[in-house]
Every structure is written in structure tokens, then in C-alpha cells.
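Before any comments, here is the structure.
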2 protein chains.
Amino acid sequence: MARKTKDTLRDSVYSALKAMIVTGQIPPGSRVTESDIAAKLNVSRTPVREAFNRLERDGLVTGRPRQGYVVTEFDINMFREAFDIRELLDGHATELAATTATEKDKARLRAMLAECERLAAIPDRTTKEKFQELEVGIDLHRVIAEISGNVMLHGMLCGILDKCQHYVWTELLWLDEWKMARDEHAEIVEAICAGDAARAGALARVHVRGSRENVLRLLQAKSDYQSFFAKAS
Amino acid sequence: MARKTKDTLRDSVYSALKAMIVTGQIPPGSRVTESDIAAKLNVSRTPVREAFNRLERDGLVTGRPRQGYVVTEFDINMFREAFDIRELLDGHATELAATTATEKDKARLRAMLAECERLAAIPDRTTKEKFQELEVGIDLHRVIAEISGNVMLHGMLCGILDKCQHYVWTELLWLDEWKMARDEHAEIVEAICAGDAARAGALARVHVRGSRENVLRLLQAKSDYQSFFAKAS
DNA sequence: GCATGCTATTTTGTATACAATTTTGAGTGT
DNA sequence: ACACTCAAAATTGTATACAAAATAGCATGC
């Protein structure tokens with residue numbers, strides 16, 4: 001298998017599995033067995049088990065005793081919960097970031113923004129490039145949380161973002177609404193760079209609320225769509 | 001070993017270890033080895049390892065590869081972070097609870113409050129009874145989070161409370177400040193029962209901020225105290 | 001044809017054996 | 001007395017073997 005670090009196998013397996021889940025390579029609802037993963041990654045079941053334990057704690061997989069693990073499937077309600085919390089945490093983190101950001105931090109944020117713009121401006125961009133733009137856009141929030149200086153806050157926000165990232169990707173990827181996110185991100189970064197904590201926080205909260213409405217609307221539509229076919233069949 | 005449930009050993013070990021850490025039976029900073037715990041609980045190292053993984057994810061123990069695990073020691077800064085987040089989450093949860101609480105929920109809260117009062121009113125109460133009062137007082141926040149209906153929020157708040165509980169116990173146990181908490185708890189429950197979300201949320205935030213100041217002040221004093229002796233020796 | 005019960009397979013849970021690494025301590029040399 | 005080296009002990013990391021439980025499939029009986 002491809003080991004990035006020289007650390008423990010457990011960590012490698014964890015990272016590999018997490019990446020596969022977050023990017024949707026292993027779709028939600030999939031059943032994952034220890035043996036399969038162990039065979040695929042050429043390791044024994046032991047490190048795989050430990051990775052599963054951590055993933056379960058992260059909420060990325062759900063496991064019941066002696067029934068194996070399933071990649072967690074979010075329903076609409078779980079999204080409501082997640083975005084509710086994200087609004088609180090992201091808002092607070094952005095406020096903090098506006099007061100603590102150094103010049104280096106600000107440069108980093110601006111660079112990420114520029115990268116988003118660059119990827120968005122490519123004429124006939126491929127799916128891969130669209131993904132990249134989304135990834136940088138989501139990472140922006142992670143970096144803001146990091147800049148906030150509250151390590152625990154950063155960790156919690158990353159956890160939530162990990163859980164939602166796959167859905168944001170697959171659901172929002174084809175929407176023009178993402179253009180709006182880009183503008184909002186720019187405003188947020190601007191406020192942080194200006195040191196305007198109140199404004200930055202408010203913008204962040206509005207932004208999360210907007211994402212929330214987009215995702216919920218799409219999921220609702222999808223759900224209606226599916227139940228329509230269920231009735232028709 | 002004493003197994004509560006008929007579930008997996010991993011879960012039993014996890015619960016047992018968590019209880020020992022949260023109650024301070026294993027003090028922060030202690031080095032814990034897999035073999036010791038395995039021997040003490042009469043199980044093999046495997047379930048112990050998995051329990052450690054989960055505890056590490058909870059932030060209750062810290063482990064570095066091939067160096068074993070140590071019960072996490074909070075410094076003042078980590079407390080600041082934890083209480084910062086708790087103010088947000090607890091405030092929000094209390095707001096939600098005020099709008100969603102059923103009559104049964106309200107009765108439950110009132111019962112917990114009454115239990116606190118009862119334990120506080122005992123003339124020459126023992127340490128055990130003081131502990132019990134503290135435990136019910138902290139549980140009150142967990143129940144409020146549960147009533148909020150946001151499962152994720154409840155889980156996150158429980159995680160934070162678990163991490164802080166030991167310190168609250170050992171530090172605040174002998175303080176009269178706890179009397180204040182009892183009054184504040186009563187006010188919060190009152191607001192929830194009245195369905196006044198704004199007031200309940202505001203009271204909760206003030207309450208958390210108060211706890212924060214108490215804990216920080218004590219830790220600061222302790223730290224000064226220790227560095228005084230360090231210089232003197 | 002359908003339901004029910006049993007067995008066979010698959011999969012997880014636990015224990016143990018072995019490997020690798022870190023730490024500790026003794027011993028020696030300066 | 002101090003520092004350095006090397007070896008031995010302790011501890012984690014990984015693999016594998018075995019046990020227990022759940023699922024699935026098949027056969028049998030109605």
C-alpha cells in the first residue's frame with residue numbers, strides 16, 4: 001500500500017480509509033469489512049480494526065457489535081444538526097481569527113482565495129478542477145479555525161467538515177450556488193484581514209446558514225424525487 | 001472483572017477506564033500501560049488497545065506511538081478553550097431545550113434540581129454526598145443537551161463535560177461557589193420550563209462563564225502556589 | 001409453493017505469539 | 001564524579017490463530 005508517513009500502519013490505514021470515505025470513493029451506506037480492507041491494503045486486520053474504531057468515533061462509520069461497519073449515511077435531520085452546530089462554531093472561530101490573525105495568516109487566506117479564483121476561471125475546466133476548487137473552499141474554513149488559535153475548536157470543526165464534505169461535493173458540485181460561496185468567502189477573508197471581528201463572525205454565520213439551506217433544499221428535492229418513484233413503481 | 005453489560009469486552013473496558021479517569025481514580029498525568037489494565041481487568045491486551053483508541057479520540061488520554069498512553073493533563077489554556085466552546089454549545093442547547101421540552105422533560109429537570117437541594121441540605125454530609133450533588137449538577141447540563149433534541153450537540157457537550165468533570169470535582173468541591181451554581185441551575189430550569197428560550201440561553205451562557213472564571217482563578221492560584229514553592233526550594 | 005429449521009459460511013471478537021522500538025540501567029573509561 | 005556505550009528489559013505495533021455470533025442458503029416438511 002501507499003504509506004505516506006513512516007508512522008504506524010494504524011495511522012496510514014486511518015488516513016487512507018478516511019480519505020476514501022470523505023471523497024466518496026466508498027459511498028455512504030456501503031458495508032465495509034475488516035478483511036476486505038486488510039486485503040486491499042496488504043496489512044493484517046489489527047490495524048484496520050483500530051482505524052475503524054477511530055472512524056466510528058469520528059462518526060464517519062457506524063458499527064454494531066458483530067455486524068460490521070457501514071459508512072455513515074446522513075439523513076436530512078443529521079444535516080440540520082450539523083449545520084446548526086457549524087454555524088455556532090464557525091462563527092466563533094471566524095470572530096477569533098479576525099482578532100488573532102498575523103500577517104502571515106492573512107497572506108495564507110488570500111492565497112487560498114486566489115487559488116479558488118484561478119480554478120474557477122479556467123475556461124473548460126474538468127471535474128477534477130471543480131473538485132479542487134471545492135476542496136480549497138472547504139479548507140478555507142479549516143484554516144480559519146486553525147488561525148483562531150483554539151485547538152479544540154479547530155478539531156471539532158474539522159470533524160464536522162469531514163462528515164459533510166462528501167455530501168457538499170456530490171450535491172453542490174454542479175450548482176451555480178457555489179459562485180455565491182466564493183464571493184462570501186472573499187468577504188469573510190476581507191473582514192478577517194481588516195480585523196473586524198464582529199463583521200467576520202456575522203458573515204461566517206450567514207454563509208453557513210446559506211450553505212445549510214442549499215444542502216437541505218437539494219436533499220429535500222432528492223428525497224421527494226425518490227419517494228415519487230417509489231410510489232410510481 | 002465487573003461487566004455491566006453483556007456486550008463486548010471492548011465496551012466494558014472503555015466504560016471502566018473512562019469512569020476511572022473521569023472520577024480521578026486515575027489522576028491526570030498518570031502513565032497507563034496496556035498490560036497493567038489488561039491484567040487488572042482480566043482481559044487480553046486487544047480490547048484494552050481498542051478502548052485506548054477511543055479514549056484518545058475523546059481526548060481523555062494522549063498517546064504517542066510506541067510510548068504508551070498518559071491521562072490527559074489540562075493546562076489553563078485548554079480550559080479556556082473548552083469553556084469557550086462550552087459557552088457556545090451549552091447556550092445554544094439550553095435555548096433549544098426551552099422550545100422543545102415536554103412536560104415530562106420539565107419534570108425530569110425539576111426532579112434533578114430537587115435532588116441537588118436535598119443533597120445540599122443534609123446537615124453533616126459526607127464527601128460522597130458532596131460528590132453526588134456535583135454529579136447531579138453536571139448531569140443537569142447533559143440532560144438539557146439531550147432535551148435540546150440535537151443528538152450531535154448532546155454528544156459534543158458530553159465529551160467536553162467528561163473532560164472537565166474531574167477538574168471541577170477536585171477543584172470546586174470544597175468551594176462555596178457551588179452554592180451559586182445551584183441557584184443558577186434553578187434559574188435556568190425555570191426559564192426552560194417557562195419556554196423562555198432567550199432568557200434560558202442567556203442564563204446558561206452567564207453560568208458557564210461564571211464556572212469558567214472560578215476554575216481559571218483556582219488553577220491560576222494553584223499554579224502560582226506551586227511556582228512559589230519551586231522557587232523556595 | 002411457502003414457511004421453517006438447520007447447517008455452512010462469513011465476519012467480528014478475543015487471545016496470544018512475535019517483531020520492533022524505546023527506555024533504563026549498569027558498567028566502563030576518562 | 002561525569003559522560004558515554006551497550007545491552008537488557010519493558011512496552012507498544014503487527015500478525016495470526018481460534019472462538020463466538022450472525023447471516024445466508026439449502027433442504028425438508030407441510
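Note on naming: letters A, B, ... go to the chains in the order of the sequence lines (proteins, then strands), and numbering restarts at 1 for each one. Owing to the predicted nature of the structure, the values given are computational and were not obtained by experimental measurement.
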For nucleotides 21-24 of chain C, print each protein N/O atom paired with a nucleotide N/O atom at under 3.5 Å, atom names and distance only.
| unit_1 | atom_1 | unit_2 | atom_2 | d |
| --- | --- | --- | --- | --- |
| C/dT21 | O4' | B/Arg66 | NE | 3.3 |

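One atom, CD of A/Glu34, and another, C1' of D/dA17, lie 15 Å apart when rounded to the nearest Å. Atoms CG (B/Leu9) and P (D/dC18) sit 20 Å apart, rounded to a whole Å. To the nearest angstrom, P of C/dT10 lies 12 Å from CG of A/Asp36. Summarising the geometry, the separation between CD1 on B/Ile37 and C1' on C/dT14 is reported as 18 Å, rounded to the nearest angstrom.
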- Let me see the working for B/Val70 and B/Val32 under side-chain contact (heavy atoms from CB on, under 4.5 Å), right down to the final yes or no. CA-CA 6 Å; B/Val70 174; B/Val32 281; over 6 Å; no
- side-chain contact (heavy atoms from CB on, under 4.5 Å) between A/Ile160 and A/Met156, worked out: CA-CA 6 Å; A/Ile160 296 180; A/Met156 283 178 151; 5.7 Å; no
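Of the candidates B/Leu17, B/Ile21, B/Leu55, B/Val71 forms a side-chain contact (heavy atoms from CB on, under 4.5 Å) with just one, namely B/Ile21.
Looking only at side-chain heavy atoms (C-beta outward), B/Lys18 and B/Leu60 come within less than 4.5 Å of each other. Residues B/Leu140 and B/Val189 meet the side-chain proximity criterion, which asks for heavy atoms closer than 4.5 Å.
For the 3.5 Å distance criterion, the side chains of A/Asp84 and B/His92 qualify, holding a donor opposite an acceptor.
Applying the salt bridge (charged side-chain N to carboxylate O under 4.0 Å, His left out) test to every pair with at least one member in residues 61-76 of chain B, sequence neighbours left out, gives no pairs at all.
Between A/Arg10 and D/dG13 there is a side-chain polar atom (N or O) within less than 4.0 angstrom of OP1 or OP2.
Residues from residues 44-53 of chain B placing a heavy atom under 4.0 Å of any atom in DNA chain D, listed by number, are B/Arg45, B/Arg49.
Ring geometry, A/His141 versus A/His185: the interplanar angle exceeds 60°, so the pair is classed perpendicular (tilted spans 30 to 60°).
When each of D/dT12, C/dT11, C/dA15 is scored by its nearest atom to the side-chain atoms of B/Ser35, the top-ranked nucleotide is D/dT12.
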